Every structure is written in C-alpha cells, then in structure tokens.
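Accompanying notes for the structure given below.
Computed from heavy atoms alone, side chains included, the values below leave out hydrogens, waters and symmetry copies. Because the structure is a prediction, the values reported are computed rather than measured.
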Amino acid sequence: MTETSAEATNEARRVRVALVDSGVDTSHPWLVNAALRSLRVERKGEGYTVGPDEPVDRSGHGTACAGIIHRLAPFAEITSVCVLSPEGRCSRDGLLAATRFCVREGFDVVNLSLGIDVPKGAPLRPTDYKSIVELYEIADIAYTAGVVLVASGPNASAFRTYPGRFKSLIGVGRASSDDPEFLRTEITVDWEILAPGNDVLAPALGGGERRWTGTSFAAPHVAAHVARLRRDRSDFSIQDIKAALHALAARRLEREAGLPRVSLPPAQIDHGGALSS
C-alpha cells in the first residue's frame with residue numbers, strides 16, 4: 001500500500017463522537033490518550049450559542065461517559081458538548097440547542113445520557129408537548145442525515161424519558177454485566193437494547209474511578225459499539241446499524257445458551273471479533 005492510500009484509509013476510518021453532557025476532565029488518566037475537544041452551550045440573548053469550553057467536568061457525569069466510550073472505541077474523536085450544570089440539570093432549550101448543533105455538525109454518533117423525564121401517570125403539559133415535538137423533529141432530521149443518536153431510557157418505571165423513546169434513534173436500557181461488550185435486545189416503548197448500566201466501573205473526578213449506576217452509563221457502551229460500526233462500515237444506514245447491534249446481541253445470547261450459530265443478513269458484520277463464536 002502506498003503512503004497516499006494508507007493516509008486515505010486512516011482518514012476513512014475517522015469517527016467523530018459527540019458527548020452531550022457535563023463536560024469532560026481531559027486530564028483524567030483514563031483519557032490521556034483520547035482525542036478530545038471541549039465545547040459548551042451558553043445562553044446568549046433569546047437563543048443559545050455553542051463555543052469553546054475549558055477541558056473540565058462540572059459533575060463527573062460526562063467524564064464517566066467519555067471513559068466508557070474511549071475504553072471500547074479508543075480510535076474515536078470525542079467532542080464534549082457541555083450542557084449540564086454541576087447539579088446535573090439543564091434547560092430544555094439548552095438540550096434542544098446542543099442536539100441540534102450535533103446534528104448540524106454531522107457527527108457520526110451523538111451520545112445523549114440525559115433527557116426529559118415525564119411521569120407516566122401525569123398528562124403532558126403544553127410545555128412538554130413543545131419540547132418533545134421539537135426533539136422529535138431534530139431526531140427525524142438526524143435519521144435522514146445519517147447521524148446516529150444514542151439516548152438513555154428512564155431509570156424508573158414510573159417515568160417516560162425523551163428523546164430515548166423515539167424510534168428514529170437508539171434507546172438504551174441498563175442491565176447488570178461485568179462485560180463491557182454485553183448487549184441484549186429488549187424492545188419496549190422505552191428502549192430497544194440493553195447494555196451494562198449497574199455498578200459500571202468508570203472514571204471519577206479527581207483522577208480516580210468509581211462504580212456508576214444508571215441508563216446514563218449504559219448509553220455510552222452502545223455509542224461505542226456504533227462508533228466501531230461507523231469505522232468499519234461507513235456505508236451503513238441507521239437501520240443497518242440497528243440490525244448489526246441486535247445481531248451482536250443475538251450472537252452473545254447464542255453463545256451463552258450454547259446454541260448453534262445461525263447465518264445473519266448481509267448487513268450485519270463482525271467488528272473486533274465481537275460476533276465470533
């Protein structure tokens with residue numbers, strides 16, 4: 001292979017992941033070799049702007065998610081889009097602005113370990129409808145543009161979480177597994193796939209690590225799997241990517257059950273040996 005063709009191959013494998021969260025501590029030992037860029041959503045007048053940010057984390061949430069992504073997809077270029085406060089809160093308009101920015105920028109994968117929680121037993125308010133409809137429209141645009149949104153589902157059955165419920169993106173629930181490669185299909189109104197989200201070891205502020213629990217930490221596992229698929233098959237549509245994720249989950253279930261391997265549709269591939277028997 002010539003030097004020019006090698007450079008073209010490396011460029012073709014470039015994968016850009018956006019992490020809409022609380023910022024990332026880029027000095028954390030888990031992330032010293034990661035390609036990281038820091039941005040922040042800020043209110044300006046009646047709207048919001050996205051600009052450069054300090055490489056810091058306001059709560060530790062974003063650093064944990066970034067660590068999970070980097071561990072499984074170390075080749076990915078991660079852009080932190082800070083939208084959460086130190087208390088883990090953000091305005092709905094801020095979330096809309098951040099998500100809209102990521103879609104407009106054409107990231108390969110956008111991790112949304114946050115969302116709008118609405119009690120299932122309560123009717124939607126007019127303000128809920130406005131925010132949810134706008135999120136739905138952004139998710140639709142992302143689907144058309146080929147930007148894969150990965151969003152966490154609710155942590156409690158009493159809530160419905162948006163945008164994780166939208167079927168144009170990949171909604172993620174949490175499961176218990178010590179294997180970061182774990183995936184399991186579970187198609188519900190709240191999500192379609194499970195990943196490790198209970199007692200997950202990930203970075204913590206101050207340079208250490210801790211166990212984290214929540215769908216917030218399941219979502220970046222799936223985002224990393226999507227990043228691998230984006231690297232290996234840039235021609236895949238979002239439906240192809242969804243099918244490949246479910247194929248990975250099915251293969252794992254077959255191995256655990258000791259079942260014979262079955263053939264898969266052509267769109268479903270093995271990345272990093274994860275589909276091997």
Side-chain angles (χ1 to χ4, degrees), residues 13 15 17 65 68-76 108-113 139 142-143 146-155 157 160-161 163-202 213-277:
R13 291 184 177 179
V15 178
V17 178
C65 292
I68 292 168
I69 292 171
H70 181 62
R71 176 175 58 183
L72 291 173
F75 56 85
D108 295 292
V109 192
V110 180
N111 188 86
L112 298 164
S113 288
Y143 185 90
V147 175
V148 184
L149 304 183
V150 178
S152 55
N155 280 304
S157 59
R160 41 193 164 169
T161 300
R165 274 194 159 203
F166 300 155
K167 302 312 172 189
S168 55
L169 51 72
I170 301 170
V172 184
R174 61 186 167 107
S176 295
S177 177
D178 293 329
D179 183 359
E181 299 286 344
F182 174 92
L183 291 175
R184 178 154 295 169
T185 296
E186 185 176 282
I187 299 175
T188 72
V189 294
D190 292 311
W191 52 65
E192 64 176 284
I193 199 158
L194 304 179
N198 294 324
D199 294 323
V200 174
L201 184 67
T213 292
T215 55
S216 286
F217 311 103
H221 285 85
V222 175
H225 280 284
V226 174
R228 292 176 179 177
L229 289 164
R230 283 296 204 200
R231 176 196 61 185
D232 296 340
R233 290 298 299 268
S234 60
D235 60 318
F236 268 18
S237 69
I238 293 179
Q239 281 305 114
D240 290 334
I241 288 170
K242 284 178 173 252
L245 289 173
H246 291 298
L248 287 166
R251 282 286 174 81
R252 182 183 186 93
L253 195 60
E254 290 167 7
R255 290 196 301 271
E256 290 176 351
L259 296 175
R261 184 168 176 165
V262 297
S263 59
L264 296 171
Q268 299 169 1
I269 65 170
D270 183 338
H271 56 250
L275 287 180
S276 301
S277 57

Nearest heavy-atom pair of [X] and [Y]: which atoms, and what distance?
X	Y	value
A219	V150	O-CG1, 3.5 Å
V15	F75	CG2-CE1, 3.8 Å
L169	E192	O-OE2, 3.4 Å
E186	L194	OE1-CD1, 3.5 Å
V17	A227	CG2-CB, 4.1 Å
G173	A218	O-CB, 3.5 Å

Value rounded to 0.5 Å, distance of [atom1] in [X] from [atom2] in [Y]:
X	Y	atom1	atom2	result
L248	L253	CG	CG	12.5 Å
S168	I238	OG	CD1	7.5 Å
R71	L201	CZ	CG	6.5 Å
I241	H225	CD1	NE2	13.5 Å
N198	T213	CG	OG1	5.0 Å
I193	L183	CD1	CG	4.5 Å

Using atom types as modelled and distance alone, determine if a side-chain donor or acceptor of N155 lies under 3.5 Å from a backbone N or O of T215.
->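 Judged by distance alone, yes, a pair lies under 3.5 Å.
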Counting N and O atoms only, with roles assigned by atom type, does the side chain of S177 sit under 3.5 Å from a partner on the main chain of P196, one being a donor and the other an acceptor?
->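 Not confirmed, S177 side chain does not pair with P196 backbone.
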Heavy-atom distance under 4.5 Å between the side chains of [X] and [Y], does that happen here?
X	Y	result
P163	L149	no
Y143	K167	no
W191	S152	no
R174	V200	no
L72	E181	yes
L229	L245	yes

May I ask you to check whether over 12 heavy atoms, not counting those of D178, lie within 6.0 Å of atom CG?
->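 Check fails, neighbour count at 12 or below.
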For V148 and R230, run side chain to side chain contact (heavy atoms under 4.5 Å, CB included): C-alpha distance rounded to whole Å, both residues' side-chain angles, the deciding distance at 0.1 Å, then the answer.
-> CA-CA 10 Å; V148 184; R230 283 296 204 200; 3.3 Å; yes
